[in-house]
Amino acid sequence: MTVRRISGIDTIAPIALLLCGSALPAQSIWDSSVRIAPQFQAYNIKAPFNEKITEFSLPMFYSVPVTSVLTLDVGTAFASAHLERQTDSAGVVQTTTSDMSGLTDTQVRANYTFGQDLLVLTAGVNIPTGSATVDADKLDAATRIGSDFLTFPTSGFGSGLGFTGGVAVAQPMGAWNLGFGASVRQSMEYEPFRNGAGTSTKYQPGLEIRARAGLDHPFGTGRISFGFSYSKFGDDKANTATFNSGDRLVGQFAVNSSLTNSVDYSFVAWNLYRTEGTLIDNSVSPGGNITNALFTLGMRGPSQIGIEPSVETRFWSQEGSTSYQGTLGMRFIVNRGSWALVPGFGYTIGSMDEASLTGYRAALGIRWGT
């Protein structure tokens, strides 16, 4: 059984929010926005795995500025994953499949801002609209999409009822903006796995405490920023056994500016380190490290139309093995003020646990509203 805890990668977005030092224009409920982004991701992993894993995902996000200081965000997704594996037994090739599909959990978050973004209070709830229980025939697909190394847009369908509370403080210091934040997350008990006999495993996640810090400064026509997050995980319980998935440390660097009047660039790099933990049998769960870097060029044309070629790399090391992947991507941007379309494509090559892999992705971002 594999139970996937929050990896720490999702701390990057809150860090970026911390680095906003200027006030936003006053907004009202009429400034609501809707975003959807259908995506398709596929990987072909060669021997010794001999697997093909695909996922279609449809994230949906709705943001409501209830008042000028209170914003409510609601997000969920529909996803469908399919894994096909070939095994060779005495010269006979057999194909097995694993499928799962449905809604994911719904996340509701409220942000209340004091003093022109100087203090932000956040409260969130994870509503279990997705299936938190994985049956035995779905376990292979669930394990692959939940990998920290592979970049599936939906990494899991459900994790039970959970609550999050946090606070963030941002303070200008001359030309610099300095931000700090902290949050606490508590999830309720749920059943992540059910075997072929119908017996379920009860799982109680430990308390998560997260601390964040960020720093940014004007750079050319854009900004340069640094961020760091530390996530401390309490002990988890599976039935009567206790184990720990290890803590997470994430460092981030980002810079963006203009090359010419019509060409921008951005570079974002982050590193996630997971400390050693413990397994159910009290043996050591080895730590791991993931490094990711993304370089993007943004070329703006007439009538708010642009293209963005990109190069992205990812390295993952664990238990003496190293995996890597590189992706060439392209996005097209059509912005019409109250709505925007952003189709994108990418092709990936790399290696996973000494098996070569290739992959591709396609996405269409759609926005209505401000």
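Given the structure is predicted, the values throughout are model-derived calculations rather than measurements.
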Can you establish whether the number of heavy atoms outside [X] located under 6.0 Å from its atom [atom1] is more than 12?
| X | atom1 | result |
| --- | --- | --- |
| F253 | CZ | yes |
| Q186 | CD | yes |
| N261 | CG | no |

Is [X] linked to [Y] within one hydrophobic cluster, defined over Ile, Leu, Val, Met, Phe, Trp and Tyr using a side-chain heavy-atom separation of less than 4.5 Å?
| X | Y | answer |
| --- | --- | --- |
| L294 | L328 | no |
| W368 | V64 | yes |
| V34 | V74 | yes |
| I349 | Y360 | yes |
| L341 | I36 | yes |

Strictly below 4.0 Å, N to O, side chains only: are [X] and [Y] in salt-bridge contact?
| X | Y | result |
| --- | --- | --- |
| K52 | E84 | no |
| E51 | R144 | yes |
| R274 | D247 | no |

Pairwise side-chain contact, [X] with [Y], heavy-atom cut-off 4.5 Å (strictly under):
| X | Y | answer |
| --- | --- | --- |
| T104 | T154 | yes |
| Q41 | T151 | yes |
| N292 | E312 | yes |
| T327 | R361 | yes |
| F114 | L121 | yes |
| R35 | S33 | yes |
| K46 | L357 | no |
| S285 | S245 | no |

Assess whether side chain to side chain donor-acceptor pair (under 3.5 Å) is satisfied between T71 and N111, documenting all intermediate values. CA-CA 5 Å; T71 301; N111 294 323; 5.9 Å; no

Taking all non-hydrogen atoms of both residues into account, name the closest pair between [X] and [Y] and its distance.
| X | Y | result |
| --- | --- | --- |
| P218 | R223 | CD-NH2, 3.6 Å |
| L150 | R314 | O-NH1, 4.2 Å |
| G160 | N126 | O-ND2, 2.8 Å |
| W176 | L215 | CE3-CG, 3.4 Å |
| S187 | P205 | CB-CG, 3.8 Å |
| A77 | P59 | CB-CA, 3.6 Å |

Checking side chain to side chain contact (heavy atoms under 4.5 Å, CB included) for the pair Y347/T358: CA distance, chi angles, key distance, verdict? CA-CA 8 Å; Y347 181 76; T358 57; 3.7 Å; yes

Taking it one step at a time, do R185 and S183 satisfy side chain to side chain donor-acceptor pair (under 3.5 Å)? CA-CA 7 Å; R185 176 185 174 91; S183 63; over 6 Å; no

Salt bridge (charged side-chain N to carboxylate O under 4.0 Å, His left out) assessment of D99 paired with K138: CA-CA 6 Å; D99 297 272; K138 301 177 181 178; over 6 Å; no

Working to the nearest 0.5 Å, report the span between [atom1] of [X] and [atom2] of [Y].
| X | Y | atom1 | atom2 | value |
| --- | --- | --- | --- | --- |
| N289 | L272 | CG | CG | 7.0 Å |
| L72 | R109 | CG | CZ | 10.0 Å |
| L297 | Y265 | CG | OH | 10.0 Å |
| D137 | N195 | CG | CG | 11.5 Å |
| L259 | M299 | CG | CE | 10.0 Å |
| F315 | Q325 | CZ | CD | 10.0 Å |

Centroid-centroid under 6.0 Å between F228 and Y230 rings: no

Assert yes or no for the condition that the ring centre distance of F40 to F56 is strictly below 6.0 Å.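 No: the rings miss the under 6.0 Å criterion.
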
Indicate whether any N or O donor in one side chain lies under 3.5 Å from an N or O acceptor in the other, for [X] and [Y].
| X | Y | answer |
| --- | --- | --- |
| S356 | S351 | no |
| N244 | D236 | no |
| S63 | D73 | yes |
| T296 | S310 | no |

Worked check of side chain to side chain donor-acceptor pair (under 3.5 Å) between N177 and Q171: CA-CA 6 Å; N177 292 313; Q171 179 63 52; over 6 Å; no

With sequence neighbours excluded, give me every salt bridge (charged side-chain N to carboxylate O under 4.0 Å, His left out) pair touching residues 291-310. D264-R300, E308-R331

Flag, side chain of [X] to backbone of [Y], donor-acceptor distance under 3.5 Å:
| X | Y | answer |
| --- | --- | --- |
| E319 | G288 | no |
| N239 | A241 | no |
| T133 | E191 | yes |
| R367 | G369 | yes |
| D105 | S159 | yes |
| T221 | S258 | yes |

Worked verdict on Y112 versus V69 for side chain to side chain contact (heavy atoms under 4.5 Å, CB included): CA-CA 6 Å; Y112 194 91; V69 296; 3.6 Å; yes

Steps toward side chain to side chain contact (heavy atoms under 4.5 Å, CB included) verdict (V250, N271): CA-CA 6 Å; V250 180; N271 185 82; over 6 Å; no

Whether Y190 and Y203 hold their rings parallel, tilted or perpendicular, with breakpoints at 30° and 60°: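 Correct class here is perpendicular.
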
In terms of the angle between their ring planes, are F152 and Y43 parallel, tilted or perpendicular, with boundaries placed at 30° and 60°?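 Perpendicular, since the angle between the ring planes exceeds 60°.
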
Show, in sequence, the C-alpha distance, side-chain angles and deciding distance for Y62 and S32, and conclude whether the side chain to side chain contact (heavy atoms under 4.5 Å, CB included) test is met. CA-CA 7 Å; Y62 181 48; S32 302; 3.7 Å; yes

Just one of Y273, F149, Y324 clears the ring pair (Phe, Tyr, Trp, His ring centres under 6.0 Å) bar with W316, so which one? F149

